[in-house]
Amino acid sequence: MYSKTTSGLLLCKTWVSKAKTLITCNVLENTYLHHQHQRHWFCSLAQAGANAFQKMSDNRCSHVTRVLFCGPHFPDSHNYTRQYLQGYPFVQVDDVPLESVPAVIGDYEVCVVKNFRMNSDVLSRAKRMKLIMQFGVGLEGVDITAATKHGIKVAKIPGGATGNAASCAEMAIYLILGLLRKQNQMKISVEQKKLGEPTGDNLQGKTVFILGFGNIGIHLAKRLRPFDVKILATKRSWGLPAQDSSKSEAPSVENGGYADLVDERGNHADILKFASKADIVVCCLAMNNETIGIVNNDFISVMRKGAILINISRGGLLVYDAVLTHLKSGHLGGLGIDVAWTEPFDPDDAILKFPDVIITPHVAGVTELSYRDMAKVVGDVALQLHAGKPFTGIEIVN
């Protein structure tokens with residue numbers, strides 16, 4: 001009996017075990033199917049979220065306003081602009097090599113040209129471009145006619161309101177004093193442990209001809225007055241305000257204003273007469289088709305022997321061969337230039353061999369004051385474009 005009972009118990013245990021296994025399998029299967037359903041639902045939701053995020057990201061990217069700075073020179077122009085805009089992730093500031101500009105310009109809405117030559121071919125690729133501007137005032141490298149044809153605005157940053165004009169005027173003073181006090185020769189004296197030489201000259205009592213009495217010319221005249229000099233100045237029209245549309249802090253010369261800054265006024269017809277009277281000539285003109293090569297052989301020939309020539313505007317205002325010839329002859333007493341005929345200028349150029357020549361690397365307007373202010377202007381323009389608002393702080397020329 002025991003054996004039968006034992007067999008029966010074993011049978012019962014076997015059926016119970018199978019039943020448990022069956023139940024467990026059913027539960028596991030149901031649980032697996034449930035989890036599979038949940039997983040499918042979760043994956044579908046995740047995929048939908050990813051698609052939505054991707055779409056949102058695409059939308060965000062499509063609303064990024066992109067600003068292009070051309071080339072590596074004047075690095076703090078893009079560095080300071082980037083710093084000013086660091087709290088605005090929807091504005092992107094890029095600086096690219098000059099040779100790469102044509103390939104990428106189609107991706108940008110704003111372009112700061114610096115010393116890049118913006119010709120019609122490059123402009124034809126700027127499909128998204130809304131504004132081409134200079135980090136300063138010189139636009140001689142931009143084909144404005146072609147830009148206008150393509151519906152692109154061209155602008156400069158007025159120098160009076162940003163400190164750029166004042167910075168350039170101070171550089172002119174530096175170059176004048178450096179030449180009068182024989183900066184290069186003083187360096188040699190220091191190296192040779194000599195004292196009391198060279199013998200320099202005073203600025204006091206000199207006659208200074210400011211060729212181009214715009215914003216820079218006005219600031220220069222204000223700074224020259226305390227040196228007790230006589231100031232001559234030429235301007236295209238004295239009946240127009242000297243300031244630009246930025247509402248510069250420099251007052252207008254209209255109706256006799258600034259009469260205390262200029263001893264003798266003239267226009268283009270008077271430049272040779274004024275050059276013949278001056279001990280120092282400072283070029284402050286904008287360069288265009290009318291002014292390119294204005295300081296030529298005839299101009300320098302009528303200057304007083306030993307007179308000093310300063311250029312803080314654009315290298316093309318001076319005729320290279322005329323300058324070199326008169327330096328060689330000794331007729332030109334000194335040359336101070338912050339700008340050159342080609343830039344960067346060849347450090348081995350013949351003009352730089354003369355002791356009374358001072359050159360600086362196009363830094364007249366490169367100061368903390370002017371560059372911070374101009375970076376703010378560029379940044380504000382990018383923000384205005386992004387928001388669809390009118391531009392402020394710039395002077396559109398087309």
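FYI, side chains are in, hydrogens and waters are out, and symmetry mates aren't considered; it's all heavy atoms of this structure.
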**Message:** Apply side-chain contact (heavy atoms from CB on, under 4.5 Å) to residues Ile394 and Leu131 and explain how you reach the verdict.
**Reply:** CA-CA 11 Å; Ile394 58 175; Leu131 177 69; 4.0 Å; yes
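- With respect to Asp349 and Lys353, no salt bridge is recorded, no charged nitrogen being found less than 4.0 Å from a carboxylate O.
- To the nearest 0.5 Å, the span separating CG on Asp380 from CG on Leu385 amounts to 12.5 Å.
- A donor and an acceptor atom, one from each side chain of Gln83 and Arg372, are located under 3.5 Å apart.
- Distance check, rounded to the nearest 0.5 Å: CD1 of Ile312 to OG1 of Thr360 gives 9.5 Å.
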**Request:** Start with the C-alpha distance between Glu109 and Lys130, add both sets of side-chain angles, then the distance that settles salt bridge (Lys or Arg N to Asp or Glu O under 4.0 Å), and finish with yes or no.
**Result:** CA-CA 5 Å; Glu109 290 82 22; Lys130 299 294 187 294; over 6 Å; no
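- When ring centroids are compared, Phe74 and His362 come within the 6.0 Å threshold.
- Between Trp341 and Tyr320, the ring-plane angle classifies as perpendicular under the 30° and 60° cut-offs.
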**Message:** Assess the residue pair Leu232 and Val208 against the criterion (side-chain contact (heavy atoms from CB on, under 4.5 Å)); give the C-alpha distance rounded to whole Å, side-chain angles, the decisive distance to 0.1 Å, and a yes or no.
**Reply:** CA-CA 6 Å; Leu232 317 177; Val208 181; over 6 Å; no
**Request:** Could you check Arg225 against Asp263 for salt bridge (Lys or Arg N to Asp or Glu O under 4.0 Å), going step by step and ending with a plain yes or no?
**Result:** CA-CA 11 Å; Arg225 264 298 179 234; Asp263 296 295; 3.1 Å; yes
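- For Arg82 and Asp95, the salt-bridge test passes: some basic side-chain N is under 4.0 Å from an acidic carboxylate O.
- Distance OG/Ser313 to CG/Leu285: 6.5 Å, rounded to 0.5 Å.
- Pairs passing the side chain to side chain donor-acceptor pair (under 3.5 Å) check and including a residue from residues 268-277, sequence neighbours excluded, read Glu264-Lys277.
- Residues Val363 and Val282 are members of one and the same hydrophobic cluster, defined by side-chain heavy-atom contacts under 4.5 angstrom among Ile, Leu, Val, Met, Phe, Trp and Tyr.
- Taking Asn288 as the reference, Arg236, Glu290, Thr291 meet the side-chain contact (heavy atoms from CB on, under 4.5 Å) condition, with sequence neighbours excluded.
- Taking the charged nitrogens against the carboxylate oxygens, Asp94 and Arg66 do have a contact shorter than 4.0 Å, which makes a salt bridge.
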**Asked** Do Lys127 and Asp107 pass the salt bridge (Lys or Arg N to Asp or Glu O under 4.0 Å) test, and can you show the C-alpha distance, the side-chain angles, and the key distance before you say yes or no?
**Response** CA-CA 8 Å; Lys127 302 301 183 183; Asp107 297 328; over 6 Å; no
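- By the 4.0 Å N-to-carboxylate-O rule, Lys206 lies close enough to Asp201 to be salt-bridged with it.
- Between Phe90 and His386, the gap from one ring centroid to the other is short of 6.0 Å.
- When side chains are defined from C-beta on, Leu180 counts as touching Ile308, because their heavy atoms get closer than 4.5 Å.
- Tracing side-chain contacts under 4.5 Å through hydrophobic residues (I, L, V, M, F, W, Y), one reaches Leu224 starting from Leu177; they form part of the same cluster.
- Around OH of Tyr174, the count of heavy atoms belonging to other residues, nucleotides or ligands within 6.0 Å does not exceed 12.
- Remark: side-chain polar atoms of Ser100 are not paired, donor with acceptor, to backbone N or O of Val96 under 3.5 angstrom.
- At a cut-off of 3.5 Å, with distance as the only test, no side-chain donor of Tyr371 or Asn79 sits close to an acceptor on the other residue.
- Residue Phe135 holds its CZ atom at 16.0 Å from NE2 of His73, rounded to the nearest 0.5 Å.
- Lys182 is not listed as a side-chain neighbour of Ser189, based on a closest heavy-atom distance of 4.5 Å or more.
- With no hydrogens or angles considered, a side-chain donor-acceptor pair links Asn398 and Thr148 at under 3.5 Å.
- Side-chain atoms of Gln92 and Tyr108 form no donor-acceptor pair, as typed in the model, at a separation below 3.5 Å.
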